[in-house]
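Worksheet: one structure, shown below.
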There are 2 protein chains.
Amino acid sequence: MTDGSPFPAGVAGAAMNPTRAKLLAAAAETLRHEGIAGLAARPIAARAGVNQALIFYHFGTVAGLVDAAVRASVEESTAFYRDRFARVTSLVELLQVGRELHERERSAGNVAMMAQLLAGAQQDEALAAAARFAMQRWTAEIEAVVRRVVEGGPLAELADPAGIARAISAGFIGLELYEGVDAAGASAGLTALEQLGALVEVLDDLGPVARRALRAKVRRTRAG
Amino acid sequence: MTDGSPFPAGVAGAAMNPTRAKLLAAAAETLRHEGIAGLAARPIAARAGVNQALIFYHFGTVAGLVDAAVRASVEESTAFYRDRFARVTSLVELLQVGRELHERERSAGNVAMMAQLLAGAQQDEALAAAARFAMQRWTAEIEAVVRRVVEGGPLAELADPAGIARAISAGFIGLELYEGVDAAGASAGLTALEQLGALVEVLDDLGPVARRALRAKVRRTRAG
DNA sequence: GTCTATAAGATGATAGAC
DNA sequence: GTCTATCATCTTATAGAC
C-alpha cells in the first residue's frame, strides 16, 4: 500500500506521497483564503504547484480532497492544544488560554476554514461529514476542560459542559464570519463575551450565602 | 423613473416591477436553500420563473441582485419584530422573545440566509456591503432592547449593550451553521446558552448584599 | 420589458501518452 | 505517478429580435 493510490492513506503518518501532502495543504489554504464559493480544482492545484488532474487521481473528487485536508488540519491543531488544555484548572486560566487560542487560530486561519466548511456543508454531504468530524474534535477538547474547571464549584450543578463547549465553538465561528464584514463590531462582541465570562467566574467564586441565594433563585426560575 | 430600469429602485415601495419583485424573492430563497456555493443566475431565474438575462438587465450582476434581495429581506424581518421588541422590559421577557424569534426566523430561513451571506462576503465586496447592512439592522434592534432591559439594574454598569447585541447576532449565526451538520449538538449548545441567560437574569435580580459582593469581585477581577 | 442566441470562459472529470 | 489534451457542462454577461 505504498501508493497504488486510489484514495485512502489516512493520516499523514510515516512517509506520505509528496503530491498528496502538497494537495492537502493547498486545499486547506484555498478554503481559508478563497472561501467555499471559490473552491475549485484548478486554484487548489495551482497553489500546490501540481497538475489539476492529480486531485482526482489521489482523492477522487474535490470534496474528497477537502474532506481529507480538513481532517488532517483539525487533527494537527487540536493536538497542538491538548497539553495546554490539560494544564488548565480554573476558569481564569481557561479564559486566558481561550483568548490565546482564539488569537492564534484566527491568524492561522483555522476558524475561517471551519466557517467556510460549515457554510458549504449545508449543501454537500461529503463536506458535512468533514465538518461534523472537525466540530467533534474541537468540542471534545473544550468539553473536557470546561468539565474539569467547573468541577467542585457551585456551577457544577448548573452548567452542562457538553452544551457549553458546543456553544463556544459555534459562537467563535459566527464571530469569525462577522469579523470579515465588521471587524470593530466583532471585537466589541468578543469583549462583551469576555466580560460575561468574567462575570461567571466571579459567580463561581462567590461566598456561601450569596451562593445559596443564587441556587434558590435559579431553581425558582427554572420551575417558572 | 417608472422603470427605465438600470438598477436602483430601492425599497419595495409603491408598485415595483413584478419581475424585479419575483427576482428579489427568488434570490433570497436560493441563498437560503442552495447556499452561497450554488448561487448562480440560472437557478435564481428558474425559481422566479423568468429568463436568466433579466437578472443582468434589472440588477447588473448576480451580486447586485443578492445585495438588493438581502436588504429588502432584512428590512422586512426586522420591521416585523420592532413593536414586539418595544414591549420587552425585562430580561425574562427578552429571553422569551429571543426564543420565539429564534424559532420563527430559523424556519423562515433568515438566519441561514445571513450565514451564507457572511460566508460569501469574506471574498466579495458587494456581498460584504449587504452583510454589513443586514448585521447593522439586526444589532441595532437587539442593542436597543438589551439597553432598555439592563437599565437601572445592577448589570447596567457591567454590560455593554452594543457588544452583547453583536455577540448574540454572531452567535446565532454560528449556531445555525453548526445545526446544519449536527442538530443535536446545536440544540445542546442553545440550551446551555439559555441556562446562562437564566443565570444572568437571576444575577440581575439579586439582593443588595450579594449584589455588593458581586460588584466588588468584578472590580477586583478586572484589575487583575 | 422580455425573450433567444451566443460569446468567452470556468468547472469537474476522464483517456491516454509517457 | 504525473502529465497533456479533451469532454460535456456550467458560468457570467451581452446583442439583438420582438
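A, B, ... follow the sequence lines: proteins, then strands. Residue 1 opens every chain.
Of the candidates C:dG12, C:dA15, D:dA15, C:dG12 carries the atom nearest the A:A40 side chain, counting heavy atoms from C-beta on. The side chain of A:T61 lies closest to C:dA13, out of C:dT14, D:dA13, C:dA13. Considering only the side chain of A:V62, C:dA13 comes nearest among C:dC3, C:dA13, D:dT2. Residue B:Q52 has its side chain nearest to C:dA5 when only C:dG12, C:dA5, D:dT11 are considered.
A close approach under 4.0 Å does occur between a side-chain nitrogen or oxygen of A:T19 and OP1 or OP2 of D:dT2. Contact check, B:N17 against C:dT2: a side-chain N or O comes under 4.0 Å of OP1 or OP2.
In this structure, A:E93 contributes its side chain and A:T89 its backbone to a donor-acceptor pair below 3.5 Å. A donor-acceptor pair under 3.5 Å is absent between the side-chain atoms of B:Q52 and the main chain of B:A45, judged by distance alone.
For the residue pair B:R47 / B:T30, a side-chain donor-acceptor distance below 3.5 Å is found, with atom types taken as modelled. A donor atom on one side chain and an acceptor atom on the other are found under 3.5 Å apart for A:N110 and A:R32.
A:I55 has its CD1 atom 14 Å from the C1' atom of D:dC3, to the nearest Å. Put simply, CG on B:N51 is 7 Å from C1' on C:dT2, counting in whole angstrom units. Straight-line distance from the CZ atom of A:R42 to the P atom of D:dC10: 16 Å, rounded to whole Å. The distance between atom OH of A:Y57 and atom C1' of D:dT4, rounded to the nearest whole Å, is 17 Å. One interatomic measurement links the two molecules: CZ of B:F56 to C1' of D:dT14, which rounds to 10 Å at whole-angstrom precision. Atoms CZ (B:F59) and P (D:dT12) sit 15 Å apart, rounded to a whole Å. One atom, CE of B:M16, and another, P of C:dG1, lie 12 Å apart when rounded to the nearest Å. Between B:I36 atom CD1 and D:dT11 atom P the separation is 14 Å, expressed in whole Å.
Ring geometry for A:W138 versus A:Y81: interplanar angle of 30 to 60°, hence tilted.
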